[in-house]
Amino acid sequence: MTQEIIVLTPAGRLDAAGARPLEHEIKQHIAAGHACFIVDLKETRYISSNGLRVLLAALKESRKHGGALKLCCLTPRLIEIFEMAGFDRVFEIYENSSRATKSFTD
């Protein structure tokens with residue numbers, strides 16, 4: 001059985017205020033029984049420690065429910081932030097959403 005993959009595309013800044021709606025949306029999807037996520041960051045200009053925390057918590061929660069959370073379309077600035085935080089070794093990061101989607105079946 002293939003689980004539906006939820007694609008989320010947060011826009012703007014994933015900081016203290018900007019990460020809250022994403023956190024709420026992910027929690028709603030998990031409560032509804034979804035655990036496979038792609039977070040497409042092509043429209044995200046900046047991510048703070050709050051945004052990283054939300055993504056890490058969502059990754060752990062999705063795994064707990066038998067799913068995964070994968071990232072795609074990071075800008076060079078976001079790649080730099082993820083590398084500085086060491087999160088490039090925590091998350092599966094893909095250059096585009098089709099590769100991220102395909103990774104769920106590989």
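Residue numbers count from 1 along this sequence. No hydrogens, no waters, no symmetry mates; every other heavy atom, side chains included, goes into these values.
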**Q.** Non-hydrogen side-chain atoms of K64 and E61 separated by less than 4.5 Å
**A.** yes

Q. Going hydrophobic residue to hydrophobic residue with side-chain gaps under 4.5 angstrom, can you get from L59 over to F104?
A. no

Q) Closest approach of A16 and S48, non-hydrogen atoms and distance? A) N-OG, 4.0 Å

Q) Are F82 and L52 side-chain neighbours, meaning at least one heavy-atom pair lies under 4.5 Å? A) yes

Q.
Using side-chain heavy atoms (C-beta onward) and a distance below 4.5 Å, is V90 in contact with L55?
A. no

Q) To the nearest 0.5 Å, what is the distance between SG (C36) and CD1 (I30)? A) 10.0 Å

Q. Taking side chain as C-beta onward, heavy atoms only, is I6 less than 4.5 Å from E25?
A. no

(Q) For residues V7 and L78: do they belong to one hydrophobic cluster (side chain heavy atoms under 4.5 Å, members Ile, Leu, Val, Met, Phe, Trp, Tyr)? (A) no

**Q.** Expected output: side-chain T44 to main-chain P10 donor-acceptor under 3.5 Å
**A.** yes

Q: Could you state whether Y94 and L56 fall into the same hydrophobic cluster, counting links through intermediate Ile, Leu, Val, Met, Phe, Trp or Tyr residues with side-chain heavy atoms under 4.5 angstrom apart?
A: no

Q: May I ask whether I81 and V39 are part of the same hydrophobic cluster, defined by side-chain heavy atoms of I, L, V, M, F, W, Y residues being less than 4.5 angstrom apart, directly or through others?
A: yes

Q: Check whether any side-chain heavy atom of C73 sits under 4.5 Å from a side-chain heavy atom of L41, and report yes or no.
A: no

Q.
Restricting to ring pair (Phe, Tyr, Trp, His ring centres under 6.0 Å), what partner residues turn up for F87, sequence neighbours left out?
A. F91

Q) Which heavy atom in A17 sits nearest to a heavy atom in P21, and how many Å separate them? A) O-CD, 3.3 Å

Q: Kindly compute the distance separating CZ (R99) from CG (D106), expressed to the nearest 0.5 Å.
A: 10.5 Å

Q | Side chain to side chain, V54 and L14, heavy atoms closer than 4.5 Å | A | no

Q. What pair of heavy atoms forms the shortest contact from A35 to S62, and how long is it?
A. O-CB, 3.2 Å

Q: Mind checking the OG-CD1 spacing from S103 to I93? Nearest 0.5 Å is all I need.
A: 12.0 Å

Q) Any chain of hydrophobic side-chain contacts (each under 4.5 Å) joining L69 to I5? A) no

Q | Pairwise salt bridge (Lys or Arg N to Asp or Glu O under 4.0 Å) hits with a residue in residues 66-90, at least two apart | A | K70-E92

Q.
For a 4.5 angstrom cut-off between non-hydrogen side-chain atoms, does D15 reach N50?
A. no

